[in-house]
Amino acid sequence: MSVKKVSVSRFELLMDAGLGAQKAGDILIRAFAKSGRYVYIEPTIPSEISPPLRSRPALSGVIIRVADFDLTNIGNSTDIMLAAHEIVLDRRLDDEEYHKNCRIFLDMGDQSSNEDSYERVCKRVSEKGLSVYPFEIFPEAQTIIKSLGGKGKNMYYMGMLGSIYGMPEEPIIDEIKLTFGAKLKEEILQRNIDIFHHGYRHAKEQVHFSYEIAALPAASTQEKILIDGNSALALGIIDAGIKMVTGYPITPASSILHTLAQVFPSYGGIVHQAEDEIAAIGAAVGSYYGGVPAITCTSGPGLSLKQEFIGYATAAEIPAIIIDVQRAGPSTGMPTKTEQSDLLAALYGSHGDNAKVVFAVSDIVDCFYAPQLARYLAEKLRLPVFIMSDFQTANSYKVMDKLKINQMENSEDIQDFVLKRFGIERLAGDIEMVRTEQADPGTPERMRRVTGLNTDDTGRVNYFAKAHQRSHEIRNEKIHCVRRALQRPEMFGGLEEGDVLIVGWGSMRGSVEEAVRYCRKQGLAVEGICLRFVYPLPLMLKEIFARFKKVVTVELAYGDKYKPPPLAMLLRSETLVDVEPLIARATGRPITPRTIEGKVKELLGVTVGR
């Protein structure tokens, strides 16, 4: 057998929805992580509920990147694909994310009744210059699968992939038992393990190559954890001392509620599933009015419905925290695909001059600490604060060191390292409010009037011109306090000036940072930054931009020669620099580092090579 030692590799498992591809992926990444490898996973989830089997919309699977170094993105291309049948393979080939030497394992079990379809897809694979390894599940495993009503193929495929990537059987079996031990009868669990054994043996006997990825020393993995973005947000909400989370189920934000529903009561918290998005933010604003820190989580369509209450919180000077886990839009769009198109809705969605703070998470560590920063800013400024995430970050897992727990009681307890992580200094002690009285209801001798109408400093409704202008000035001065506190953004390539500056925001960090590294190794004067704060922006941005010949953005949002994408539009208006979009893509797929590198080389007139 040929064993190829590599630092990093990416593989995919492609099946029909509902047959356990994601569960198999979860088991594999935990086994890899516990054995000392770094992992990054992206689920491929159909938007439809229970799409027909053996149809293109039914594609469901996982993309897994494994490495001996820390990973920040899903990578560039796939080395191994394992497809349950030809239709899911055909659909996935459309995305063109395979390496030129990609090896494709195709289960031929459905071929006898679909010969023409298999022949067409295999011909397509051959025309692309890729290698196909047709296989059939061992008869012994087929018998067990039949006894389970057709379930269990994911176990077989998981065995094959585990063997191809040089994993011992035992760690994977341990994870199978951990996942299903409390859910399945012992006999059914053992049958699934037997199917896994057969798949593992299949690859051992019939696949004549494998990959070997070095593991970290055992001692260095003892204090590491494996966690996804939405789980990190959920646990960060607890650590931030927030006591109420309210929302309406919406993909891809729902798993925040799912996680908290299991553990939040143990920490004195309440999870409120509202009847709709409007009620959810109304409850969050009402909770904060009563002095109880609260947060609401949603995605694009829900954000649209929350806008009036967001404006109300601004006018009434009630803290509000909104998590927006972005997905592909508009409208229902593609609920299970990633995008960064909500930026302008977050900034400008409410009517009138509506002051708010908007910052993004760029990785899973950010997800944990973001609720602390959001609470600090919301309570200090008494304004709405947005935490912007997206489908990619929400559903990606990361192996990382255990995070420092703060157990915030008061928002002023926020630690300096959290502020530093997001590039902001601690705000001034006293920030002026529109209304002098900001006491919680029920405080003796301190009545507070709350209204969305314009008021004077006493809280009395006031429609005079000077009073209204004053309210605007004070609310915007709160934002300017944040603007002045923002530090210089981190530069990835170590350059102070150069030919091209790549600017991204949020989840683009990993791909931008890796792309800059590729470019710098080739001697290109390319630098990159990835913004966490998108409103307000750091004051020194214009000065930084002026030192580069071209400033370009990379964003998961649509743009063309007539319509700039959101980040490019914002940067232009704020800095008056001719910021151009390098990549403005709304495909629902992540932008890879090599794609960014290639576009930069085209911009510079450098020959693009593989």
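A quick note: this is a predicted structure, and the numbers were derived from the prediction, not measured. Values reported hereafter were calculated over all heavy atoms of this structure, with side chains retained and with hydrogens, waters and symmetry mates removed.
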Inset, instruction - May I have all residue pairs that pass ring pair (Phe, Tyr, Trp, His ring centres under 6.0 Å) and include part of residues 373-400, sequence neighbours excluded? - result: none
Inset, instruction - For the pair K306 and E277, find out whether any cationic side-chain nitrogen is under 4.0 Å from an anionic carboxylate oxygen. - result: yes
Legend entry - Y463: partners by ring-ring contact (aromatic ring centres under 6.0 Å, His included), with sequence neighbours left out: none
Legend entry - Lys/Arg-Asp/Glu bridge criterion (N-O < 4.0 Å) met for K542, E574: no
Inset, instruction - Flag yes if more than 12 heavy atoms outside R460 fall under 6.0 Å of its CZ atom; otherwise flag no. - result: no
Legend entry - Aromatic ring proximity, centroids under 6.0 angstrom, F422 and Y369: no
Legend entry - Pair R488 + E543: basic N to acidic O under 4.0 Å: no
Legend entry - Flag side-chain contact, heavy atom, 4.5 Å: K356 against I322: no
Legend entry - Salt-bridge present (R547, E496; N to O < 4.0 Å): yes
Inset, instruction - State whether the number of non-hydrogen atoms from other residues, nucleotides or ligands found under 6.0 Å of E412 atom CD is greater than 12. - result: yes
Legend entry - Short N-O contact, E477 and R484, less than 4.0 angstrom: yes
Legend entry - Positive for side chain to side chain donor-acceptor pair (under 3.5 Å) with R589, one of Q392, E339, E42: E42
Legend entry - Pair R532 + D366: basic N to acidic O under 4.0 Å: yes
Legend entry - N-O pairing of R470 and E473 below 4.0 Å: no
Inset, instruction - For residues N406 and D413, determine if any side-chain heavy atom of one lies less than 4.5 Å from a side-chain heavy atom of the other. - result: no
Legend entry - More than 12 heavy atoms of other groups within 6.0 Å of K243 NZ: yes
Inset, instruction - Determine yes or no for a side-chain-to-main-chain donor-acceptor pair under 3.5 angstrom, with R426 supplying the side chain and I414 the backbone. - result: yes
Throw together a table of side-chain donor-acceptor distances under 3.5 angstrom for residues 255-268, partners on residues two or more places apart or in other chains.
{"residue": "S255", "atom": "OG", "partner": "N230", "partner atom": "ND2", "Å": "2.7"}
{"residue": "T259", "atom": "OG1", "partner": "S255", "partner atom": "O", "Å": "3.0"}

